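Worksheet for the structure shown next.
None of these values were measured; they are calculated from a predicted model. Remember, it's 1-based here, ligands and their atoms both numbered in the order they're listed. Position 1 is the first residue of the sequence, and the numbers go up from there. Just the heavy atoms: all of them, side chains too, but no hydrogens, waters or symmetry mates, feed the values below.
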Amino acid sequence: NRLSQERKQWSLSDFEIGRALGKGNFGQVYLAREKQSGFVVALKVLYKKALADSKVERQLRREVEIQGNLRHPNILRLYGYFHDETRVFLILELAAKGELYKELQAQKKFPEEVAARYVAQMANALLYLHGKRVIHRDIKPENLLLGLKGELKIGDFGWSVKTGVTESRRRKTLCGTLDYLPPEIVEGRSHNEKVDLWSLGILLYEMLCGNPPFEEEDSYETTYRRIIHVDLRIPDHVSKEASDLIKKLLVYKSVERLPLRSVILHPFVTKHVQQAKRASSSSSSSSTR
Ligand SMILES: Cc1nn(C)cc1-c1nc2c(-c3cnn(Cc4cccc(C(=O)N5CCN(C)CC5)c4)c3)c(Cl)cnc2[nH]1
């Protein structure tokens, strides 16, 4: 479609703006329709003043650079961007069913088969990202959206980094909740793409239990201590397969965390999720029935 034409100079007059869909730290997101093609998008409006005050321009540039080059069904497309004197506009794929965290708030917790489907979709998206040497670093419900068929879409790359072979030593300014951060980040040590495996474990726990595992009522220090001690308590209502997968992801030593390929093949996932048939098995099977 026209939107994905590279290097088109977009401007606000190319769009009809609809209702506000949601808002975040630096701006709002509106439903919008590109006038020429009628293509409906989500237009994220960010205020330059707010971005400058919080020194996140570099982060925004990285977000646009990274997300603009990604193509995956479980990653929200960034079609392009433009700016005027006071605002930056990101032209994003519309996730028809909105924000995952609102769904999680409404339902308190998800049934295991729903959580298993989201874990499989996250694992596939992370396999794709890590294959391109991108670490997301901020996997949590607030950054996840839902497409038309209820499929999960990673919607925010504000904290992602493209790393070379060496581990990323970038210090993460610890703003917001610690809940999803792995020990190596809260302890300020070097970290690599295995931070996303930890966050996937936290996400699975929160989807099944309704709260992240190390959450403490407004006590940063206690959360910090529970993370570095991996002080994990899994409620009895969680199945043994789900509990096993959580324990294999929430491991202090990042090298010992279950690799993504094993996550996709884990009994908790295979019990609920029909894996895409491997090409060889489907083509080789002759119809004997
Ligand atoms: C359809 C539909 N129905 N409803 C009720 C909502 C939707 C819907 N929303 C979106 C949205 C959307 C809207 N707001 N948000 C949340 C939002 C909005 C603006 C900025 C942020 C933000 O700053 N973020 C950075 C911090 N992390 C934690 C978080 C990100 C975050 C996302 C997008 Cl991007 C794409 N498709 C959508 N579809």
Side-chain angles (χ1 to χ4, degrees), residues 3-4 10 15-34 39-68 70-83 86-107 121-122 125 129 135-161 172-181 185 195-196 199-200 202-203 206 212 215:
L3 272 174
S4 34
W10 294 105
F15 298 91
E16 278 157 357
I17 308 298
R19 72 180 179 92
L21 291 171
K23 71 185 193 58
N25 317 27
F26 304 103
Q28 286 83 29
V29 173
Y30 295 91
L31 202 54
R33 185 210 320 267
E34 199 275 318
F39 199 78
V40 177
V41 295
L43 197 63
K44 189 187 257 190
V45 184
L46 301 160
Y47 294 92
K48 285 183 176 178
K49 174 100 178 54
L51 293 171
D53 294 351
S54 323
K55 297 196 182 5
V56 291
E57 301 99 320
R58 201 162 47 87
Q59 190 176 315
L60 178 64
R61 242 183 283 282
R62 199 167 52 221
E63 177 177 348
V64 170
E65 171 58 31
I66 289 174
Q67 198 167 355
L70 300 175
R71 304 281 185 280
H72 188 277
N74 299 118
I75 293 175
L76 199 75
R77 272 297 305 278
L78 171 67
Y79 296 114
Y81 64 95
F82 56 95
H83 62 95
T86 57
R87 297 164 295 184
V88 176
F89 299 87
L90 304 185
I91 310 169
L92 292 160
E93 173 186 357
L94 175 70
K97 292 202 171 161
E99 297 177 82
L100 180 91
Y101 91 89
K102 288 185 179 165
E103 196 67 27
L104 187 50
Q105 266 178 347
Q107 297 186 29
Q121 289 166 356
M122 274 309 297
L129 280 181
I135 314 178
H136 188 275
R137 298 201 308 177
D138 204 10
I139 300 294
K140 56 185 175 185
E142 293 80 355
N143 287 337
L144 303 175
L145 294 157
L146 294 168
L148 198 57
K149 299 190 287 295
E151 75 280 20
L152 185 141
K153 290 186 181 266
I154 301 179
D156 181 83
F157 282 76
W159 282 108
S160 56
V161 286
K172 181 182 177 99
T173 53
L174 295 187
C175 62
T177 166
L178 280 179
D179 284 324
Y180 270 73
L181 297 183
I185 287 194
V195 299
D196 290 335
S199 304
L200 184 58
I202 302 284
L203 178 70
E206 180 166 4
E215 184 181 54

Heavy-atom nearest neighbour in the protein, as seen from atom 18 (C) of ligand 1, with distance rounded to 0.1 Å: Val29 CG2, 3.3 Å
Side-chain heavy-atom pair Phe15, Val41 within 4.5 angstrom cut-off: yes
Closest approach of any protein heavy atom to atom 26 (C) of ligand 1, naming residue and atom: Asn25 OD1, 3.5 Å
Option nearest atom 29 (C) of ligand 1 (shortest heavy-atom distance, choices Asp156, Asn143, Leu94): Asn143
Location of contacts on Glu99 toward ligand 1, heavy atoms closer than 4.0 Å: side chain
Close-contact set for ligand 1 against Glu93 heavy atoms, below 4.0 Å: 35 (C), 36 (N)
Minimum non-hydrogen distance to atom 4 (N) of ligand 1, winning option of Arg19, Lys153, Lys97, Lys102: Arg19
Protein contact of atom 33 (C) of ligand 1 - nearest heavy atom, named by residue and atom, plus distance: Leu145 CD1, 3.8 Å
Those atoms of ligand 1 less than 4.0 Å from some heavy atom in Ala96: 1 (C)
Heavy-atom closest pair, residues Asn143 and Asp138: ND2-O, 2.7 Å
Nearest protein heavy atom with distance in Å, relative to atom 9 (N) of ligand 1: Leu21 CB, 3.7 Å
Heavy atom of the protein closest to atom 37 (C) of ligand 1 (residue, atom name, distance): Ala95 O, 3.6 Å
Closest candidate by heavy atom, reference atom 8 (C) of ligand 1, pool Gly98, Ala42, Gly27: Gly98
Closest approach of Gly18 to Tyr30 (non-hydrogen atoms, all atoms of both residues): O-CD2, 3.8 Å
Side-chain touch Leu152/Met122, heavy atoms, less than 4.5 angstrom: yes
Lys44, portion touching ligand 1 at heavy-atom distance under 4.0 Å: side chain
Minimum non-hydrogen distance to atom 31 (C) of ligand 1, winning option of Gly22, Ala20, Gly24: Gly24
